[in-house]
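Chain A is the first sequence line, chain B the second, and so forth, proteins listed ahead of strands; every chain is numbered from 1. Every value quoted in this text rests on a predicted model; they were computed, and no experiment measured them.
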Amino acid sequence: MPQELPKAYDPAAIEEKWAEYWVRERLFDVPSSEGASASASQAQPGEQARFTMLLPPPNVTGRLHMGHMLNQTEMDILTRWHRMRGDRSLWVPGTDHAGIATQMMVERQLAAEGATRQELGRSAFVERVWQWRAHYGGAILDQMKRLGASVDWSREYFTMDEDLSVAVKEAFVRLHEQGLIYRGAYIVNWCPRCQTAISDLEVVHEEQQGKLYEIRYAFADGFGSITIATTRPETMLGDVAVAVNPSDERYRDFIGKMLVLPLSAANGKPNREIPIIADEWANPEFGTGAVKVTPAHDPNDFAIGKRHGLPSPIIMDETAHIALPGSPYHGLDRYEARVRIVSDLEAAGALVAVKDHQLSIGKCDRCKTTVEPRLSTQWFVAVNKTPKGGGNSMAANAIEAVKDGHIRFTPDQYRKTYEGWMNNIYDWCISRQLWWGHRIPAWHCAACKETTVARETPTACAHCGSAAIEQETDVLDTWFSSGLLPFTVFGWPQRTADLAEFYPTQLLVTGFDILFFWVARMVMLGCHFMLDEPMADGSRRQLKDAVPFREVYIHALVRDADRQKMSKTKGNVIDPIEIIGRFGTDAVRFTLASMASPGTDIAFSEARTEGYRAFANKIWNSARFVFMQVERAKEAGIAVDYAQISSALRSGAAAPLADAPLETRWILTRLSNTAANVNAALGDYRFDEAASHIYQFFWGELCDWYLEIAKLRLDFGDEADKAATGAALRTLLAVFEASLRLLSPFMPFITEEIWHALYDGAAPARSIALARFPQPADMDADGDAARNMQTLQTLIVEIRALRKELGVPEKEAAPVVVHAPAAFAAVVAANSGIAERMARVSAVSFSDAALSGTSARSTPQFDVAVTYEKQVDVPAERERLSKEIAKYEKGLSNSERQLGNEAFLAKAPANVVEGLKKQAAETKALLEKARAALDGLG
RNA sequence: AGGCGCGUAGCUCAGUUGGUUAGAGCGCUACCUUGACACGGUAGAGGUCAGGAGUUCGAGUCUCCUCGUGCCUACCA
């Protein structure tokens with residue numbers, strides 16, 4: 001006997017229970033085939049499809065936001081769907097150590113205690129971060145459990161885990177050996193607050209209203225001057241030249257002359273002298289056409305400096321304060337220095353003009369501090385360089401992998417974005433001046449100044465043998481380690497069974513915001529390293545199998561209901577856990593799925609979520625109805641064989657489908673079609689379509705029609721036909737159970753609860769998530785029956801509408817007359833009980849003559865009239881008919897115009913012409929009837 | 001400065017290769033305490049598909065332009 005469900009659906013009462021159950025029972029773990037005997041692990045070699053996916057690792061510092069929830073809902077739907085289809089489905093979770101973010105978090109904590117990391121020292125600080133992580137680092141994964149994410153928790157990783165750290169070291173050393181990692185002094189984006197270099201991607205650009213300062217530099221010979229233009233006058237302290245375009249007539253004669261650099265006097269020495277040089281970079285159109293050159297603080301100037309062999313004096317320290325001992329500006333912050341320098345220039349009469357100027361400035365993505373381009377020694381990955389041992393550059397492989405279709409993007413437009421970026425990629429600065437992260441495995445020698453890169457901590461310099469070596473203090477960019485995850489999570493550099501089985505992963509689901517940060521880097525690193533790993537059968541790996549994933553699904557941004565980007569400063573952040581608390585996880589999941597149309601941002605709406613909570617409630621109550629029928633059956637002595645439930649989806653020899661009632665044949669057909677539609681939609685990542693098909697089927701067909709008609713069949717009275725009742729109950733249970741399975745990937749909690757209740761402890765699996773996902777072939781379909789049923793539904797709807805028009809009281813049954821072709825008349829006659837119940841009909845009779853008038857309605861398939869005396873509302877009826885006539889006239893004239901067009905008849909496909917002819921004839925008939933009805937009103 | 005999207009019912013969005021009278025959910029209106037469900041049922045109202053031009057027998061769908069809007073990329077001092 002199925003359990004009795006509480007009256008109202010209460011998600012809080014069931015969701016936590018199942019979330020814990022799934023984790024506790026380890027239902028979604030996929031054991032490694034490592035060590036398993038070949039015959040056991042490969043009982044059906046190659047037959048079981050695999051579905052492998054990595055969770056984009058959230059930051060350890062993170063809290064779950066709507067973006068995560070969308071991302072994880074989509075991944076979970078897909079994983080559950082694949083799992084239920086019988087695929088070996090592995091979804092690997094983990095967290096990212098998030099270098100800068102985590103370090104900031106712990107520094108803030110220290111600051112609250114009045115301490116700094118410098119006071120603590122490096123190793124104590126790192127220890128402290130580990131403690132922090134142990135305390136707070138699991139928060140986001142705990143929240144994830146609440147979503148029902150069906151990940152393999154036994155494989156949970158952290159990017160700083162020992163084995164992953166070994167892999168990161170290995171990757172670094174190999175790239176270095178291949179000549180693809182180098183160290184050098186270049187201009188990098190420097191964050192003066194974080195005090196570390198950051199990559200180009202970590203700089204966000206902002207348009208700002210600034211000033212363009214025009215400053216006069218006098219010639220050293222005392223005769224004349226040149227005026228330069230700059231947005232950053234404070235950097236003039238580091239000027240080493242002024243550049244003009246060689247083709248610029250105005251300045252051609254000045255090239256080679258020396259200038260006196262104002263304000264550069266220090267320590268009693270006079271102002272420095274700098275040359276005027278010719279360089280194509282100088283744009284005659286911009287400013288004054290003369291540009292000052294500050295190689296240590298501007299990337300373009302750095303390039304000019306290189307071209308002309310100029311020195312690169314650094315004039316600011318790591319915190320963007322002027323660092324020129326002896327200079328009056330020494331120690332000033334860059335902005336204070338600007339104010340002072342501008343006023344001093346003005347006082348000296350060197351400030352020619354200050355103009356408004358729109359400029360875009362780079363800010364640190366993490367802390368929004370204005371980035372300072374800074375010359376410093378950093379480590380880089382040479383992405384466009386051919387490795388020493390031969391082969392393609394990383395970027396070339398990554399471009400080819402996508403171009404050749406080994407990686408497919410959905411939506412496809414992101415392929416272009418990816419290609420555009422990859423084709424213009426620069427070397428990647430991977431060193432960070434942080435303490436939290438993977439420390440670079442390089443040791444600098446105090447004796448010979450050389451650097452030793454090694455897997456194991458060396459005791460002596462590899463170049464001179466000196467023991468005076470010290471490890472590089474920099475750590476690696478967090479994205480360097482996360483870029484390796486698709487293979488390191490499976491044990492690389494070891495050649496494990498997991499790596500052989502699960503690499504490449506099938507799919508990556510992520511947001512476009514980390515397309516370059518992460519997706520592109522995974523492709524580069526994956527292709528690069530995995531090309532060197534042989535296939536499981538020992539053969540050489542090709543690019544198509546070296547890619548980290550075969551498909552990338554990029555989802556949209558979740559915005560608030562007003563389409564605003566959620567942000568803490570705006571205060572419009574929606575907390576998924578709070579929303580879940582109010583509506584239930586299933587409802588929120590379904591909302592996100594139903595709004596997840598590729599390429600379109602999601603304006604998350606609570607109203608919509610309310611609607612899907614109502615849907616969950618509908619599901620819940622339909623279950624209560626079904627269970628109630630089982631209860632009644634039991635009391636009537638009709639047994640239900642739970643082991644045989646799904647067999648009722650197909651006709652057997654004992655019960656041919658042709659003998660089944662119309663609604664049974666119809667609902668099985670609809671279920672089959674819905675299964676086909678949902679499978680197809682999920683295959684195309686159309687979560688919205690899949691959700692909509694399910695919603696429409698469950699509510700609009702199963703609940704609104706099938707359950708209502710079932711009430712008619714489930715007669716447990718003494719006189720009832722027990723066999724027919726039993727059959728009806730079996731079909732009801734079968735269809736309902738299959739519908740739960742169809743819903744399960746979308747609403748795992750409520751379906752799990754009801755499914756177990758339905759089987760009352762005798763469920764055929766430990767979870768509905770391990771049951772089979774409905775396939776179209778699982779149930780018999782009968783197209784003719786479905787069409788007949790649909791016409792019957794139309795008949796019922798027309799009768800209901802007529803009843804309203806005629807003012808038949810809700811409770812009162814009325815007789816109807818039907819005029820229809822014999823075939824459909826027979827269907828109506830055979831199923832008059834359905835019409836009687838669904839449309840409150842007292843009796844159905846048939847007429848050979850067409851029906852029209854105010855109490856009749858016509859469709860192309862039938863006419864129907866309700867026999868009722870009451871006066872109709874003549875004006876209202878006239879209005880309705882007039883509208884209808886206008887619609888038909890418009891439609892008919894359109895059709896006739898087209899049918900009169902010879903070009904149309906000649907060029908349009910036959911089925912279209914035929915369809916239009918049929919439609920025109922039908923419309924004409926309906927128009928005549930409507931006109932007759934209007935005339936009948938008088 | 002380049003590149004990519006978007007603009008369809010009051011709101012949020014579908015609308016696959018151009019083909020018959022453009023759909024859904026929510027909201028709205030009227031009626032209904034029918035023994036699963038008022039988080040419900042039934043019936044309805046609501047759209048010149050941003051605007052303009054073009055291609056075509058036929059355009060929400062393809063092309064161009066305009067307007068509005070969002071995003072990404074870029075070293076112009």
Side-chain angles (χ1 to χ4, degrees), chain A residues 5 7-9 187 205 212 228-232 235 243 281-283 285-288 290-294 298-303 357 359-360 373 411 413-414 416-417 420-421 424 512-513 515-516 557 561 563 565 587 594-595 597 599-605 607-629 684 686 688-689 691-692 695-696 700 703-704 707-708 711 797 800-801 803-805 809-811 839-840 880 887-888 890-892 894-895 898 901-909 911-920 923:
Chain A
L5 297 180
K7 247 187 167 159
Y9 161 65
I187 292 275
H205 294 273
L212 187 65
I228 58 93
T230 180
T231 55
R232 302 199 57 202
T235 61
W281 163 250
N283 177 0
E285 308 291 315
F286 188 90
T288 62
V291 58
K292 63 196 239 4
V293 179
T294 323
D298 182 281
N300 298 306
D301 293 6
F302 181 73
H357 179 63
L359 75 165
S360 116
Q413 70 211 47
Y414 288 107
K416 280 187 267 175
T417 312
W421 187 75
N424 293 294
F512 61 83
D513 49 332
L515 183 61
F516 306 140
L557 216 64
R563 305 192 56 73
K565 214 169 180 170
S594 70
M595 299 183 88
S597 173
T600 313
D601 284 350
I602 292 177
F604 186 82
S605 120
R608 190 100 180 232
T609 315
E610 262 173 55
Y612 292 120
R613 183 185 54 189
F615 179 45
N617 185 60
K618 187 77 179 177
I619 296 163
W620 186 262
N621 279 290
S622 64
R624 292 184 59 229
F625 169 76
V626 171
F627 296 172
M628 201 173 284
Q629 305 315 311
D684 289 337
R686 290 304 303 258
D688 57 331
E689 285 185 359
S692 148
Y695 184 94
Q696 178 53 35
C703 289
D704 286 352
L707 293 191
E708 291 304 323
K711 289 175 182 172
V797 168
R800 285 167 175 168
R803 285 173 50 96
K804 292 246 174 190
E805 266 167 37
E810 292 276 344
K811 287 191 168 176
R840 299 216 168 244
R880 188 186 70 81
K887 190 179 84 180
Y888 290 147
K890 191 181 159 209
L892 189 59
N894 277 343
S895 308
Q898 279 211 71
N901 184 334
E902 282 181 25
F904 171 73
L905 295 177
K907 293 184 185 177
N911 65 321
V912 171
V913 175
E914 217 167 290
L916 194 63
K917 276 183 183 163
K918 192 176 163 209
Q919 183 210 306
T923 307

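- Which of B:U12, B:G41, B:G19 sits closest to the side chain of A:Glu810 comes down to B:G41.
- Across all strands shown, A:Ala908 has heavy atoms under 4.0 Å from base atoms, whether or not it also approaches the sugar-phosphate.
- Nucleotides B:U17 and B:C4 are separated by 23 Å at their C1' atoms, to the nearest Å.
- Here B:C37 sits opposite no nucleotide as a Watson-Crick or G-U wobble pair (both hydrogen-bonding atom distances under 3.5 Å).
- Backbone-only engagement by A:Asp704 is indicated by non-hydrogen atom pairs under 4.0 Å involving sugar-phosphate atoms exclusively.
- Side-chain proximity of A:Arg613 to B:C39, B:A77, B:A36: nearest is B:C39.
- Within 4.0 Å of A:Arg800, counting heavy atoms only, lie sugar-phosphate atoms of the nucleic acid but no base atom.
- If you check every strand for non-hydrogen atoms under 4.0 Å, A:Thr923 touches a base.
- With a cut-off of 3.5 Å on both Watson-Crick or G-U wobble distances, the partner of B:A24 is given as B:U12.
- Proximity note for A:Leu359 (side chain, C-beta onward) versus B:U21, B:A77, B:A36: the nearest is B:A77.
- Heavy atoms of A:Gln898 sit under 4.0 angstrom from at least one base atom.
- The distance between atom CD of A:Gln696 and atom C1' of B:G25, rounded to the nearest whole Å, is 10 Å.
- Here A:Ala229 lies in heavy-atom contact (under 4.0 Å) with a base.
- With a cut-off of 3.5 Å on both pairing distances, the Watson-Crick or G-U wobble partner of B:U42 is B:A30.
- Along RNA chain B, the nucleotide nearest A:His205 and the nucleotide nearest A:Phe625 are compared for position; the residue whose nucleotide lies closer to the 5' end is A:Phe625.
- Atom NZ of A:Lys887 and atom P of B:G46 are 11 Å apart (whole Å).
- Within the 4.0 angstrom heavy-atom criterion, no nucleotide atom of any strand lies near A:Pro373.
- The shortest distance between the side-chain N/O atoms of A:Tyr414 and the OP1/OP2 oxygens of B:C71 is not below 4.0 Å.
- At a threshold of 4.0 angstrom between heavy atoms, the contacts of A:Thr230 are confined to the sugar-phosphate backbone, with no base atom among them.
- In this structure, A:Arg686 reaches the sugar-phosphate backbone alone: every heavy-atom distance under 4.0 Å involves primed, P, OP1 or OP2 atoms, never a base.
- Note: A:Tyr695 and A:Phe615 have tilted aromatic rings, judged against thresholds of 30 and 60 degrees for the angle between ring planes.
- For the OP1/OP2 pair of B:G35 and a distance below 4.0 Å, the side-chain nitrogens and oxygens of A:Lys711 include no atom meeting the criterion.
- At a threshold of 4.0 angstrom between heavy atoms, the contacts of A:Glu708 include nucleobase atoms, whether or not backbone atoms are also involved.
- Atom P of B:U48 sits at a distance of 13 Å from the matching atom of B:C11, rounded to the whole Å.
- Out of B:A77, B:G25, B:A36, the shortest distance to the side chain of A:Phe286 is found at B:A77.
- To the nearest angstrom, P of B:A24 lies 12 Å from OH of A:Tyr695.
- B:G2 is paired with B:C72 under the criterion used here, namely a Watson-Crick or G-U wobble arrangement in which both key atom distances are under 3.5 Å.
- When every heavy atom of A:Arg840 is checked against every heavy atom of A:Glu810, the shortest pair comes out as CD-O, 2.9 Å.
- For A:Tyr612 and B:C26, the OH to C1' distance is 9 Å, given to the nearest whole Å.
- Whole-Å rounding puts the A:Arg624 CZ to B:C39 C1' distance at 13 Å.
- Looking at A:Glu689, its side chain has no donor and acceptor atom pair within 3.5 Å of the base of B:A24.
- In this model, the phosphate group of B:A77 is approached by a side-chain N or O of A:His357 to a distance below 4.0 Å at OP1 or OP2.
- At the heavy-atom level, A:Val626 lies nowhere under 4.0 Å from the strands shown.
- Pairing of B:C62, defined by two Watson-Crick or G-U wobble distances under 3.5 Å, is identified with B:G54.
- Shown here, B:C67 forms a base pair with B:G7; the pair counts as Watson-Crick or G-U wobble because both key distances fall under 3.5 Å.
- Residue A:Ala282 is classed as a base contact, given a heavy-atom separation below 4.0 Å to a base.
- Here B:A38 presents its P atom at 8 Å from CG of A:Asn617, a figure rounded to the nearest Å.
- OP1 and OP2 of B:C72 both lie 4.0 Å or more from every side-chain N or O belonging to A:Lys416.
- Nucleic acid contact for A:Trp421: none, since no nucleic acid atom lies under 4.0 Å from a heavy atom of the residue.
- Rounded to whole Å, the distance from CH2 on A:Trp281 to P on B:C75 is 10 Å.
- Atom NZ of A:Lys918 has 12 or fewer heavy atoms from other residues, nucleotides or ligands within 6.0 Å.
- Here, B:C75 and B:U66 have their P atoms 28 Å apart, quoted to the whole Å.
- Here B:C71 is the nucleotide among B:A36, B:C71, B:A14 with the atom lying nearest to any side-chain atom of A:Phe512.
- Relative to the six-membered ring of A:Phe625, A:Lys711 meets both conditions, a distance below 6.0 Å and an angle of at most 45° to the axis.
- A donor-acceptor contact under 3.5 Å is not formed by the side chain of A:Lys618 with the base of B:C39.
- Projected onto RNA chain B by closest heavy-atom contact, A:Ala614 and A:Pro909 fall at different nucleotides, the more 5' of which corresponds to A:Pro909.
- Within 6.0 Å of CD on A:Glu914 lie no more than 12 heavy atoms contributed by other residues, nucleotides or ligands.
- In this entry the distance linking CG of A:Asn300 with P of B:C75 reads 9 Å, nearest Å.
- Side-chain atoms of A:Lys811 stay outside donor-acceptor range of the base of B:U34, with no qualifying N/O pair under 3.5 Å.
- Between A:Trp620 and A:Tyr9, the ring-plane angle classifies as tilted under the 30° and 60° cut-offs.
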